[in-house]
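The model shown is predicted, which means the values in this text are computed figures rather than measured ones.
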Amino acid sequence: TSTGLGDATPLTIGFSTDGGASYTEIATGVVGDFSGTFDWAPEGEPTTAAKIKVTVDGDKALDESDDDFTVRIKPLLTVVYPNGGETVRFGKPAQIEFTTEGLDATTSLLFEYSLDNGTTYQELGVGTIAELAGVYDLVMVEEYSDEALVRISTETGETVSDTSDEVFTSVPRPVLAITSPTEGETLFIGGSYDVTWTAQYLLDSDELELLYSADGGTTFSSQGSGLA
């Protein structure tokens with residue numbers, strides 16, 4: 001606040017990281033520019049000895065913070081993967097990837113997933129930032145969902161959390177059923193026959209291999225492979 005100062009009076013705002021021993025100018029203008037308020041976004045290195053000083057018309061009037069305050073990195077927790085649009089297959093190795101800022105390495109994190117776009121969540125497990133080093137195994141129930149999300153939140157220390165920006169798809173293991181040839185059919189050597197099957201939950205990136213056995217399944221030989 002200022003009293004008895006004209007709107008045209010020069011005003012300077014300074015910021016100190018060393019308890020007031022030195023100041024860096026962060027704003028300058030006239031009293032009327034500020035109306036007692038200055039929107040400020042701290043920059044630079046964290047400090048526990050921060051102060052603000054306001055100087056009017058040179059050094060004719062000034063005031064500074066009564067005590068030191070702290071400037072630190074804002075705690076952040078960010079889901080990197082899966083963060084929306086991916087397909088995660090049950091049974092295939094998959095990991096939640098995440099980053100943190102401004103959180104102590106001993107902070108415990110809770111990992112959860114949702115299959116209904118965040119209406120309900122199921123716990124995956126917990127671990128500290130130091131233990132996990134930015135990754136956590138993603139093992140969900142074997143169920144199809146195109147509304148899956150991952151959520152990470154702090155269990156200790158400051159309250160911070162993040163959720164996948166968009167839904168991703170959770171796909172169970174593929175289910176294959178051979179429809180031809182089946183038991184009881186007779187195939188003739190030299191003939192040409194279609195091998196047919198039905199499948200669920202196949203991805204375009206899945207590779208199929210056709211195997212043939214002449215000894216009731218004791219041994220198999222490959223007849224070819226290709227993408228689903």
Side-chain angles (χ1 to χ4, degrees), residues 1-84 95-114 118 121 123-138 149-166:
T1 62
S2 58
T3 304
L5 298 174
D7 285 348
T9 305
L11 181 149
T12 300
I13 302 173
F15 169 58
S16 173
T17 61
D18 54 14
S22 61
Y23 279 90
T24 300
E25 184 179 294
I26 57 174
T28 186
V30 296
V31 171
D33 293 337
F34 300 99
S35 301
T37 301
F38 172 60
D39 291 332
W40 175 50
E43 297 179 349
E45 296 298 316
T47 178
T48 59
K51 281 191 171 184
I52 290 288
K53 180 173 71 173
V54 179
T55 305
V56 178
D57 199 7
D59 287 331
K60 293 181 180 178
L62 61 86
D63 191 28
E64 69 176 0
S65 307
D66 292 338
D67 294 298
D68 295 344
F69 60 90
T70 297
V71 173
R72 54 168 293 193
I73 297 172
K74 181 180 179 181
L76 289 176
L77 180 57
T78 305
V79 175
V80 176
Y81 178 90
N83 200 38
Q95 291 182 316
I96 298 170
E97 299 175 16
F98 65 95
T99 59
T100 64
E101 278 188 87
L103 289 170
D104 191 274
T106 62
T107 302
S108 180
L109 303 179
L110 170 66
F111 295 82
E112 302 169 286
Y113 72 92
S114 171
Y121 280 89
E123 182 176 330
L124 284 166
V126 297
T128 67
I129 292 173
E131 292 170 341
L132 301 173
V135 294
Y136 189 87
D137 289 337
L138 177 56
L149 295 169
V150 161
R151 181 171 69 185
I152 311 174
S153 53
T154 53
E155 279 211 310
T156 59
E158 299 177 85
T159 302
V160 186
S161 67
D162 191 35
T163 304
S164 305
D165 290 344
E166 303 289 343

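- Considering Tyr23, Phe38, Trp40 in turn, Trp40 is the only one that fulfils the ring-ring contact (aromatic ring centres under 6.0 Å, His included) rule with Phe15.
- Atom CD of Glu155 has more than 12 heavy atoms from other residues, nucleotides or ligands within 6.0 Å.
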Would you sort out whether Ile96 and Tyr113 count as a side chain to side chain contact (heavy atoms under 4.5 Å, CB included), showing the intermediate values? CA-CA 10 Å; Ile96 298 170; Tyr113 72 92; over 6 Å; no
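- Nearest heavy atoms, Pro75 versus Leu103: CB-CD2, 3.8 Å.
- The minimum heavy-atom distance linking Lys51 with Phe69 is given by the pair CA-CE2, 3.6 Å.
- Atom-to-atom distance recorded for Asp104:CG and Ile129:CD1 is 7.5 Å, nearest 0.5 angstrom.
- For the pair Gln95/Leu138, no side-chain contact is recorded, criterion being any heavy-atom separation below 4.5 Å from C-beta on.
- A distance of 7.5 Å separates OG1 of Thr78 from CD of Glu101, quoted to the nearest 0.5 Å.
- Remark: side-chain polar atoms of Asp33 are paired, donor with acceptor, to backbone N or O of Val30 under 3.5 angstrom.
- In terms of heavy atoms, Leu11 sits closest to Ile13 at CD2-CG1, 3.7 Å.
- One N or O on the side chain of Asp162 and one on the backbone of Val79 form a donor-acceptor pair closer than 3.5 Å.
- Separation of atoms CG (Leu149) and CG (Asp165) is listed at 10.0 Å; rounding is to 0.5 Å.
- Summarising the geometry of Ser108 relative to Val126, their closest heavy-atom pair is OG-CB, 4.2 Å, with the distance given to 0.1 Å.
- Here Leu110 contributes atom CG and Glu112 contributes atom CD; the two are 4.0 Å apart, rounded to the nearest 0.5 Å.
- Checking Thr17, Val71, Asp68, Thr70 one by one against Thr48, the side chain to side chain contact (heavy atoms under 4.5 Å, CB included) holds for a single residue, Thr70.
- Using modelled atom types, no side-chain atom of Thr9 and backbone atom of Val31 make a donor-acceptor pair closer than 3.5 Å.
- Counting only distance, with no hydrogens or angles, the side chain of Thr12 and the backbone of Thr55 share no donor-acceptor pair below 3.5 Å.
- No donor-acceptor pair under 3.5 Å is formed between the side chain of Arg151 and the backbone N or O of Ser161.
- Here the straight-line distance linking atom CG of Leu76 with atom CZ of Phe98 works out to 13.5 Å at 0.5 Å rounding.
- When atom types are taken as modelled, the side chain of Ser16 and the backbone of Ser22 share a donor-acceptor pair closer than 3.5 angstrom.
- More than 12 heavy-atom neighbours from other residues, nucleotides or ligands sit within 6.0 angstrom of CD on Glu25.
- In terms of heavy-atom proximity, Leu124 sits nearest to Tyr136 at O-OH, 3.4 Å.
- Atom CG of Asn83 is separated from atom OG1 of Thr163 by 9.5 Å, given to the nearest 0.5 angstrom.
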